[in-house]
Amino acid sequence: MKIATFNINGIKARFQALSDWLDEAQPDVALLQEIKSVDENFPREMFEDKGYQVETHGQKSFNGVAILSKLPLEDITRGLPGDDSDEQARWIEATVVGKQAIRLCGLYLPNGNPVELSADGTPVPGGKYAYKLGWMQRMQTRAEALLAEEIPFLMAGDYNIIPQAEDAKKPEAWRDDALFRPESRAAFRRLMNLGLTEAFRARNRAPGQYSFWDYQAGAWNRDNGIRIDHFLLSPQCADMLTDCQIDKQIRGREKPSDHVPVWVELDN
DNA sequence: ATGACTTCTAGTAGAAGA
């Protein structure tokens with residue numbers, strides 16, 4: 001089963017590019033982020049015509065996640081548990097039913113900039129960086145609950161985390177950024193230290209492998225990128241991993257997203 | 001260089017992204 005994640009940066013602006021990529025890459029499942037659309041305006045028929053079941057968790061203007069699947073989806077839930085006051089659409093779960101069922105978590109982790117710190121160095125409560133770290137703590141709690149079930153699951157999407165210096169062309173430029181600060185990377189490590197496998201690094205140790213290039217300052221032409229779109233696999237899911245790749249060439253096309261798809265192949 | 005691009009919503013600028 002081929003499962004992909006793709007931050008499309010707006011479904012209206014990316015419809016053609018997404019459609020073309022689906023036709024070529026033929027993922028069984030696509031986890032989408034930043035659909036920037038309410039559920040009613042998502043062009044679901046266009047994907048249903050390609051054979052996908054479409055489940056969205058949308059929001060006006062910003063954020064929004066979705067799952068497209070050629071295999072049946074069950075037990076769909078929307079929103080990351082742990083804070084009923086959080087209205088941002090960044091999390092969707094479903095169980096994809098193949099030979100073995102896999103619980104899918106599609107996520108759009110908060111960016112976290114600008115970083116605002118109190119005098120004691122802790123994030124200012126109510127600020128964007130505090131929201132990011134709090135969101136990651138809720139994600140940790142959700143991962144612990146799923147691990148306790150001992151089922152195959154994965155958490156994939158735009159993490160807005162640069163895990164290591166080798167995941168950025170210019171790591172020094174990101175030192176104080178919410179994507180690379182020690183607190184952000186530590187929270188990502190805490191997830192991995194639960195026993196989750198980062199699929200790309202399990203298959204490829206090469207530096208300079210990126211999934212995002214800024215629109216500005218010729219970042220793509222200079223290969224000035226960062227790797228921030230990730231798959232974390234539960235132990236039972238990691239057993240099935242046979243491949244993980246980044247569809248880098250997509251970034252050089254007409255009217256691209258600033259992210260490219262990342263995908264795993266699972267033998268399930 | 002509190003910038004460059006691109007998206008969204010709104011309605012001619014502004015917010016947000018990373």
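Just so it is clear, the structure is predicted and the values come from calculations on it, not from any experiment. Convention: sequence-line order gives letters A, B, ...; per-chain numbering from 1.
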Quote, to the nearest angstrom, the P distance that separates B:dG3 from B:dA16. 14 Å
N-O pairing of A:E24 and A:R253 below 4.0 Å: yes
Take atom CD of A:Q33 and atom C1' of B:dA18, then tell me their distance rounded to the nearest Å. 14 Å
Please report, to 0.1 Å, the donor-acceptor pairs under 3.5 Å made by any side chain of residues 139-147 of chain A, with sequence neighbours excluded.
| unit_1 | atom_1 | unit_2 | atom_2 | d |
| --- | --- | --- | --- | --- |
| A:Q140 | OE1 | A:L191 | N | 3.3 |
| A:Q140 | NE2 | A:R190 | O | 3.3 |
| A:T141 | OG1 | A:Q137 | O | 3.2 |
| A:R142 | NE | A:E93 | OE2 | 2.7 |
| A:R142 | NH2 | A:E93 | OE1 | 2.9 |

Look at the side chain of A:N111 against the base of B:dA18 and say whether a donor-acceptor pair falls under 3.5 Å; ignore hydrogens and angles. yes
Would you mind reading off the distance between A:D214 atom CG and B:dG3 atom C1', rounded to a whole angstrom? 12 Å
Provide, to the nearest angstrom, the distance between the CZ atom belonging to A:R222 and the P atom belonging to B:dC5. 11 Å
Give a yes or no on whether a salt bridge exists between A:R181 and A:E183, defined as a side-chain N under 4.0 angstrom from a carboxylate O. yes
When rounded to whole Å, the CG to C1' distance for the pair A:N113 and B:dT2 reads 13 Å
Between A:A217 and A:L179, which has a closest nucleotide on DNA chain B that is more 5'? A:A217
Indicate, with a heavy-atom threshold strictly under 4.0 Å, whether A:N224 touches base, sugar-phosphate, or nothing. nothing
What integer number of Å spans the P atoms of B:dA13 and B:dT2? 22 Å
Under 6.0 Å from the six-membered ring centre of A:F200 and within 45° of its axis: does the NZ or CZ of A:R227 meet both? no
To the nearest angstrom, the OH-P distance between A:Y210 and B:dA18 comes to 18 Å
Atom pair distance, as rounded to whole Å: CD in A:E116 and P in B:dT2: 19 Å
Under a 4.0 Å N-O cut-off, is there an ion pair linking A:D223 with A:K248? yes
Shared hydrophobic cluster, A:Y159 / A:I3 (ILVMFWY, side-chain heavy atoms < 4.5 Å): no
Can you tell me the distance, in whole Å, between the OH atom of A:Y131 and the P atom of B:dA18? 13 Å
Report which part of the nucleic acid A:N7 touches: base, sugar-phosphate, or nothing (heavy-atom distance under 4.0 Å, all strands). sugar-phosphate
If you look at every strand shown and take non-hydrogen atoms under 4.0 Å, does A:Y108 touch a base, only sugar-phosphate, or nothing? sugar-phosphate
Is the shortest distance from a Lys or Arg side-chain nitrogen in A:R251 or A:D258 to a carboxylate oxygen in the other one below 4.0 Å? no
Residue-phosphate contact under 4.0 Å: A:H259 side-chain N/O, B:dG17 OP1/OP2: no
Output one letter per nucleotide in nucleotides 6-14 of chain B: B when a protein non-hydrogen atom lies under 4.0 Å from the base, S when only the sugar-phosphate is that close, - when neither is. SSSSS----
Between B:dA10 and B:dA15, how many Å separate the two P atoms, rounded to a whole number? 14 Å
Short N-O contact, A:D167 and A:R201, less than 4.0 angstrom: yes
Atom pair distance, as rounded to whole Å: CD in A:Q59 and P in B:dG17: 10 Å
For nucleotides B:dC8 and B:dT12, find the distance between their C1' atoms and express it as a whole number of Å. 15 Å
Counting any heavy atom closer than 4.0 Å, what does A:D177 reach on the DNA or RNA strands: base, sugar-phosphate only, or nothing? nothing
